[in-house]
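Note that the structure is predicted; figures quoted are calculated from it, not measured.
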Amino acid sequence: MEYSAKTIEKKWQNYWKENDSFEPSEDFTKDKKYILSMFPFPSGRLHMGHVRNYSISDALARYYRQQGKNVLHPIGFDSFGMPAENAAIKNGSHPKGWTYDNIDYMKNEFYSLGFSFSRKREMATSDELYTKFEQSFIIDMYEKGLLYREKGLLNWCPNDQTVLANEQVIDGCCWRCDTPVVKKDMNQYYFKITKYADELIADLKKLEDGWPKQVLTMQDNWIGKSNGLAFDLFFDEDSKAKLDTKFESFDVFTTRPDTIYGVSYTALAPEHAIVSYMLDNKLLSKDIITQINTMKATSSIDRQKEKSGISLGLNVVHPLTGRSIPVWIANFVLMDYGSGAVMAVPAHDDRDYDFAKKYDLEINAVIKPFDGKAEEGKAFTEVGELFNSQEFDGMNSKKSQYNIIKMFEEKAIGKKTTNYKLKDWGVSRQRYWGAPIPFVHCDTCGLVMEQKENLPIALPDDVEITGEGNPLENHPTWKHCACPACGKDAIRETDTMDTFVESSWYFLRFCASPETLQKAAFTQDEIKYWMGVDHYIGGIEHAVLHLLYARFFTKVFRDLGYLEFDEPFDNLLTQGMVLKDGSKMSKSKGNTVDPDAIIEKYGADTARLFILFAAPPTQELEWNDSGVEGSFKFIKRFHDRSSHVVACGSIPSITHATLSKEEKFARKKVYEALVRANEVYEQKHTFNTMIAGVMEAMNALNAQTNSDVWSEGYWILSSIMEPVIPHVASEISEKYFGLKNLSKQVVLEEVFVEDTLTLGVSINGKRRTEIEIPTDESKENIITIAKEAASKWLEGKEIIKEIVVPKKLVNIVVKG
RNA sequence: GCGGAUGUGGUGAAAUUGGUAUACACGCCAGACUUAGGAUCUGGUGCCGCAAGGCGUGGAGGUUCAAGUCCUCUCAUCCGCACCA
């Protein structure tokens, strides 16, 4: 029978659907594996990145099912978000209709690729039930003080008309639409993720074995912990007077307390409260006010181009020496890190040095290299010996930090402080297509949370999406409600949640059985059994966004008593991008390959095989049409050559000793492929090498004609290939083995036992020839045989050393 | 600048961890079967050389009987963060 991908694939997809083949068992005494791919946004169609993602997780899920594990391999849709609204603005569609139409289409694509997802646990985060449980968690978090509302300077995307979290600002632009982000002062809800900053860093250690180092480093850098000294700088009397005695001092933070005696000026961010006061009260000349306002209006990207500063005509007093220190405004001082003010030590900091040179400020060195003089014309930023530092003279600068901080603390003029780059996570968005934040504004009671029995606070369907303003805000009735506390007329919160909130706990929701689903978000028993996720597969682009938020939520849920572990994802596999012509596939570049077209032309098995064979999963994958063709041909041969197999209900038993050389070799290759497959599925995940092993075995089988060897070979090979090419493998398995071989396979050691061995013979490490010897040959004899074989290269040379590496090679070291 | 990776044939990539470099596949070349081939099958294919042989894992050193693998220096590319005090 000719190989027909279409017929075979349709048949098996129906079979799996009708038999509920991929539903996990509710028997929690079984060994489990939770295999999870990052769920997709329902953008409309699958792209090759999705195919890669789910081909990897599906291979693992199918392998572990064969091994007898209870496998949870769920799928859902991260279905709230701006693109649905943007489509609405563009086409006049409704976000809900657009979203759920896309979901239906993409689900069909998933199943036409043969992915073994649990159908009964499919869900979308825009489902009202999901919103209901999420809102309930939000209320719990608010009660614990982990959610708060505050006015602040926010990142605002003028194009998307919404607030962005810091993590969503890339190079000063919106992560979605690339529009430059501006700062806007407004009320916003925040998750107190900074409360967990220390734990989020510390627990990265627990992930060292299972997560890529790169991701751990990125998270570590993102949280950006640094230890140092915080202290106050006090104004002198003149300066206090100039400030109408409204300010006594300001706070600075340094990680280099060892340079304290070298402070020669101090700098404030242009947004600093003292500067604002001076602007508001016109305490500066017109010219200077203009300069400051220009600086404030400059974007952070432009500020990086050149350092600039403005002297404020104020002075503070050095806390240790009493020297007078001028106060400047500097464009490189960030308002949102530390206190927005720094002490400057130009002798030992590159930035401070550049600034001091530009404005001709004092440069006071207090650290010298251990072995002589510092280089002229630049800051000395390394560890050295202190001088001009009073009682600390002669100390190692690094070691002195502890002593100097201690002195500040003893004198009660400063203290040891830890700073983080991480900010609290701003989660409110001024958009329609998101989960409503379950709060109410009451004139009498203030900000009031909804009663849990009123959840979900669902979105109204009758909205006008125009792209201007917040549709919930503009809706005629939706926002009017009764205050849950006092019953008076009140206004519902019209902000919705950042969609990253939904993806921060969806992996827990998947643990809910079809019975639990309606009643609760999940049960403790289910979470306890299924979590943590054994293998989490997805793109590196989520290294700091989703993966940080999900870790945060897990810790919060633990502290709320919902679960009992610290980290959600035991192992993380970050897949590489799919490229075409050297760059990432994207619609704008016009270099996409449509998965549907590949399925149509070659079938799902070919798409899956190519994707897993062309590169290891963590590397970039270059799409290659003739490579796809090659994968198709392999499947066709795999299918066609199965005609050599004789149907059997169990693996044929073969007397190895009676076989020919080719037959023995074929068996060895088959079992080598099996050993490698186990290793790849369990640990290495380099599916490309496993598939290569299967191809080698196929080539070896084809070089012999023993039908038992063929049958045994296919029994094993179709088992280990089923996770990759499930349709054709199932077809073969059913036809010849009654599906009995799709299970754990036993490695027969006897096929690896050989009568003779081939050893390489090297002279001085250079390979010259090879010898064939009986397996049990003595070392002496091996050397004799090797010398004979290599006599040509040994003539007239003195043999110094003979090395035999068992089963590998012989190396003879000669001189002359 | 800081951090993380990666450099192996014409191409995608292997190499059980210090032991025969280039498995497997794509491409290319030759042959067979064909009316035909963008089908199928067989064989060949790192580079230089007629050969013997020499050279070969970004480059330069080093350790070792033996280095793609370990050490030192260096170059290039990619990714992330980036005036974080």
Along RNA chain B (nearest heavy atom to each residue), the more 5'-positioned of A:Ser626 and A:Lys807: A:Lys807

Phosphate OP1/OP2 of B:A25 contacted by A:Asn624 side-chain N/O (<4.0 Å): no

Spacing of A:Lys636 atom NZ relative to B:A39 atom P, expressed in whole Å: 12 Å

Test item: A:Gln575 side-chain N/O and A:Gly49 main-chain N/O as donor-acceptor pair under 3.5 Å: yes

Integer angstrom distance from the P of B:G58 to that of B:G7: 8 Å

Side-chain N,O (A:Thr686) to OP1/OP2 (B:A14) below 4.0 Å: no

Distance-only donor-acceptor test (3.5 Å): side chain A:Lys684, base B:U16: no

B:G43 versus B:C24 - spacing of their P atoms, nearest Å: 12 Å

From A:Arg637 atom CZ to A:Asn702 atom CG, the distance as rounded to the nearest 0.5 Å: 8.5 Å

Between protein and nucleotides 30-33 of chain B, what N or O pairs are separated by less than 3.5 Å?
none

Close side-chain approach of A:Trp211 and A:Thr574, heavy atoms under 4.5 Å: no

Note, A:Gln219 side chain near A:Leu207 side chain (heavy atom, < 4.5 Å): no

Contact state string [nucleotides 44-70 of chain B, B base, S sugar-phosphate only, - no protein heavy atom under 4.0 Å]: ---------SS----------BS----

With sequence neighbours excluded, residues passing side-chain contact (heavy atoms from CB on, under 4.5 Å) with A:Arg351: A:Lys307, A:Phe332, A:Asp349

Neighbour count above 12 (heavy atom, 6.0 Å) for A:Phe752 CZ: yes

Plane angle bin for A:Tyr714 and A:Phe638 - parallel if under 30°, tilted between 30 and 60°, otherwise perpendicular: parallel

Rounded distance in Å between the C1' positions of B:U40 and B:A52: 41 Å

Between the protein and nucleotides 3-9 of chain B, which nitrogen or oxygen pairs come in under 3.5 angstrom?
none

Any donor-acceptor pair under 3.5 Å from A:Thr686 side chain to A:Pro616 backbone: no

Between A:Asn811 and A:Ser762, a side-chain donor and acceptor under 3.5 Å: no

Closest nucleotide among B:A85, B:C26, B:C81 to the A:Thr254 side chain: B:A85

Atom pair distance, as rounded to whole Å: CG in A:Leu579 and P in B:U11: 16 Å

A:Phe253, nearest nucleotide to its side chain (from B:A85, B:A13, B:A25): B:A85

Per A:Lys808 side chain, nearest of listed nucleotides B:U20, B:G19, B:U42: B:G19

A:Asn688 side chain near B:A25 phosphate (N/O to OP1/OP2, under 4.0 Å): no

Side-chain heavy-atom pair A:Phe253, A:Ser226 within 4.5 angstrom cut-off: yes

Nearest-Å distance once atom P is located in both B:A36 and B:A21: 45 Å

B:U22 versus B:C47 - spacing of their P atoms, nearest Å: 14 Å

Euclidean distance for C1', B:U57 against B:U20 (whole angstrom): 16 Å

Inter-nucleotide C1' distance (B:C79, B:G10), Å rounded: 28 Å

Nucleic acid contacts of residues 327-338 of chain A, taken as heavy-atom distances under 4.0 Å to RNA chain B: A:Phe332, A:Val333, A:Leu334, A:Tyr337

Expected output: side-chain A:Arg676 to main-chain A:Thr689 donor-acceptor under 3.5 Å: yes

A:Glu362 atom CD, neighbour heavy-atom count above 12 within 6.0 Å: no

Interface residues of residues 674-682 of chain A with RNA chain B (non-hydrogen, below 4.0 angstrom): none

Whole-angstrom distance between B:A85 and B:U6, as gauged at atom C1': 33 Å

Integer-rounded Å distance: B:G12 C1' and A:Met695 CE: 12 Å

Greater than 12 external heavy atoms within 6.0 Å of A:Lys416's NZ: no

Minimum side-chain heavy-atom gap A:Ile325-A:Met343 below 4.5 Å: no

